[in-house]
Asks: 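Can you keep this structure in mind? I'll have questions shortly.
Values below: every heavy atom of this structure, side chains too, minus hydrogens, waters and symmetry copies. The sequence lines fix the lettering, A, B, ..., with proteins before strands; numbering per chain opens at 1. Quick caveat: nothing in here was measured; it's all calculated off a predicted structure.
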There are 2 protein chains.
Amino acid sequence: MKLESILLGVLARHPSTGYDLKKYLDTHGRFLRSNTQMSQVYRSLGKMEASGWVIHTVQQRAGATDAKTYRITDEGMTVFLDWLTGPYSPPTRFQDPDFGTRLAFAGFMTREQLLRLIDIELTARHEQVARYRFRDRREAVDTSAAFDEDLATLVAEWSHEAGAQAIDAYLERLETLRRVLLDAPENAKAPDLLLLLRDAR
Amino acid sequence: MKLESILLGVLARHPSTGYDLKKYLDTHGRFLRSNTQMSQVYRSLGKMEASGWVIHTVQQRAGATDAKTYRITDEGMTVFLDWLTGPYSPPTRFQDPDFGTRLAFAGFMTREQLLRLIDIELTARHEQVARYRFRDRREAVDTSAAFDEDLATLVAEWSHEAGAQAIDAYLERLETLRRVLLDAPENAKAPDLLLLLRDAR
DNA sequence: CTTAGCCATTCCACTTGTGGCATGCATCGT
DNA sequence: ACGATGCATGCCACAAGTGGAATGGCTAAG
């Protein structure tokens with residue numbers, strides 16, 4: 001479902017071949033998914049076609065393998081939009097791409113839907129910070145093999161600080177986006193929005 | 001292999017039941033993996049036992065379900081250490097837990113091994129930044145359905161900036177850790193290391 | 001001329017992960 | 001007294017992802 005959502009999102013913007021989609025995942029979409037296999041893309045495409053979410057037409061390429069251009073169907077569009085604007089439950093790791101994937105297709109949302117999504121993410125992460133930030137991080141030890149406690153402590157401390165800083169920065173940035181979306185006039189165009197974003201930092 | 005590596009790492013520090021391991025994944029290990037299912041933990045444990053990487057002993061708990069305490073075998077320790085210090089290829093997304101998972105078990109590494117790992121990560125990410133930072137981010141458009149270009153542009157710009165800032169901060173923090181590891185005297189103890197870390201910020 | 005890389009798809013055998021169900025006792029708060 | 005939560009395991013069907021091989025033409029650089 002997750003790869004499929006991405007593929008549907010791309011196809012909702014323009015028809016593509018399997019190869020194109022793989023290229024998207026390796027370039028523009030590289031933060032949405034790590035190391036996606038060709039085979040996985042083609043298999044998803046096949047499954048989606050069987051479900052009636054996409055259809056393909058064949059492009060002959062003299063000599064070479066025929067290329068199949070996939071386009072999204074109305075049904076596929078419905079499925080995609082249902083996923084995009086449907087319920088979102090934040091994964092444990094804020095670094096996971098679930099939220100970012102939805103953002104990548106923000107253009108298909110209304111400003112209200114986008115704000116709702118952001119609010120869900122924000123409350124979930126704030127709650128997480130509140131629950132864990134000052135929690136004891138020591139772990140029970142009883143190590144048999146060679147284990148460098150000093151090294152482990154250093155790295156654990158660094159990891160915790162790095163994680164805390166990362167999530168704090170993340171929350172701050174998200175709040176900024178939220179602010180811009182709330183403050184911007186209803187009919188603001190892209191250049192003005194970008195200016196607002198710059199000022200809000 | 002990935003869940004198994006984590007479980008082996010935990011078991012390398014102390015014996016645990018399946019339930020304990022799941023709890024670890026939900027608390028201390030929450031940044032290593034999102035939403036792990038109980039069934040997945042028990043299945044991995046079963047498979048690892050079949051491979052001879054772990055063994056279990058049964059704890060009777062009057063009335064309640066017996067608890068199985070798993071401990072790592074020598075073979076399991078070898079497998080774990082091979083994974084930990086073996087070749088690491090950075091995933092596309094720097095937010096993926098692969099690197100962090102290894103760091104979580106830094107205590108089982110020597111300082112040199114840890115530094116090698118950090119150097120691999122650092123070069124890979126620097127290279128990524130160099131390749132993509134100033135790349136054109138515009139995507140070909142040909143959207144049929146309702147698509148708010150202005151909203152999409154705003155969010156895309158925000159995402160890019162957020163991503164850039166996140167990876168920059170990440171690189172900086174990693175460099176700091178690297179510095180501390182390089183500069184610290186061979187026999188430095190945890191409190192001194194933490195002081196160095198604090199000063200290095 | 002040759003090698004490398006891009007374009008393009010498909011198949012296959014696995015391995016992993018998801019989500020839910022079933023069981024059953026103990027403890028703690030209301 | 002009741003319900004939630006924690007402890008503890010296991011089974012199942014199904015969905016998704018991994019990693020590699022096979023095929024074959026095109027183009028550009030060395």
Asks: How many Å lie between CE on B:Met48 and P on C:dT16, as a whole number?
Replies: 11 Å

Asks: Should the heavy atoms of other residues, nucleotides or ligands under 6.0 Å from CD of A:Glu175 be counted, would the total exceed 12?
Replies: yes

Asks: Looking at residues at least two apart in the chain, or sitting in another chain, which of them share a salt bridge (Lys or Arg N to Asp or Glu O under 4.0 Å) with B:Glu157?
Replies: A:Arg198, B:Arg137

Asks: Taking side-chain hydrogen bond (donor to acceptor under 3.5 Å, both in side chains) as the definition, give me every residue that meets it alongside B:Arg179, ordered by chain and number, with sequence neighbours left out.
Replies: B:Asp183

Asks: Looking at B:Lys22, I'd like to know whether one of its side-chain N or O atoms comes within less than 4.0 Å of OP1 or OP2 on D:dT9.
Replies: no

Asks: Of all residues at least two apart in sequence or in a different chain, which pass the side-chain hydrogen bond (donor to acceptor under 3.5 Å, both in side chains) check with A:Thr69?
Replies: A:Gln59

Asks: To the nearest 10 degrees, what angle separates the axes at the start and end of the helix from C:dC1-D:dG30 to C:dT30-D:dA1, five pairs each?
Replies: 50°

Asks: Could you check how far CG of A:Leu7 sits from P of D:dA16, rounded to whole Å?
Replies: 12 Å

Asks: Heavy-atom contacts under 4.0 Å between residues 29-45 of chain B and DNA chain D, which residues?
Replies: B:Met38, B:Ser39, B:Tyr42

Asks: Can you measure B:Asp66 atom CG to D:dA8 atom P for me and round it to whole angstrom units?
Replies: 11 Å

Asks: Given 3.5 Å as the limit, does a donor-acceptor pair link the side chain of B:Gln128 with the main chain of B:Thr92, or not?
Replies: yes

Asks: To the nearest angstrom, how far is A:Asp20 atom CG from C:dC6 atom P?
Replies: 15 Å

Asks: Answer with base, sugar-phosphate or nothing: what part of the nucleic acid does B:Lys47 contact at a heavy-atom distance below 4.0 Å?
Replies: sugar-phosphate

Asks: Excluding sequence neighbours, so at least two apart, what forms side-chain hydrogen bond (donor to acceptor under 3.5 Å, both in side chains) with A:Asp150?
Replies: B:Lys189

Asks: Please enumerate all residues that pass ring-ring contact (aromatic ring centres under 6.0 Å, His included) together with A:His56, with sequence neighbours excluded.
Replies: A:Tyr70

Asks: Provide, to the nearest angstrom, the distance between the CG atom belonging to A:Leu3 and the C1' atom belonging to C:dT18.
Replies: 16 Å

Asks: Given C:dG17, is OP1 or OP2 found less than 4.0 Å from the side-chain N or O atoms of B:Lys2?
Replies: no

Asks: Could you state the NZ-C1' distance from B:Lys68 to D:dT9, rounded to the nearest angstrom?
Replies: 7 Å

Asks: Would you mind reading off the distance between B:Lys23 atom NZ and D:dT9 atom P, rounded to a whole angstrom?
Replies: 13 Å

Asks: Please enumerate all residues that pass side-chain hydrogen bond (donor to acceptor under 3.5 Å, both in side chains) together with A:Asp66, with sequence neighbours excluded.
Replies: none

Asks: Please list, chain by chain and in numerical order, all residues satisfying side-chain contact (heavy atoms from CB on, under 4.5 Å) with B:Ser5, sequence neighbours excluded.
Replies: B:Met1, B:Trp83

Asks: Report the distance from atom CG of A:Leu21 to atom P of C:dC7, rounded to the nearest whole Å.
Replies: 14 Å

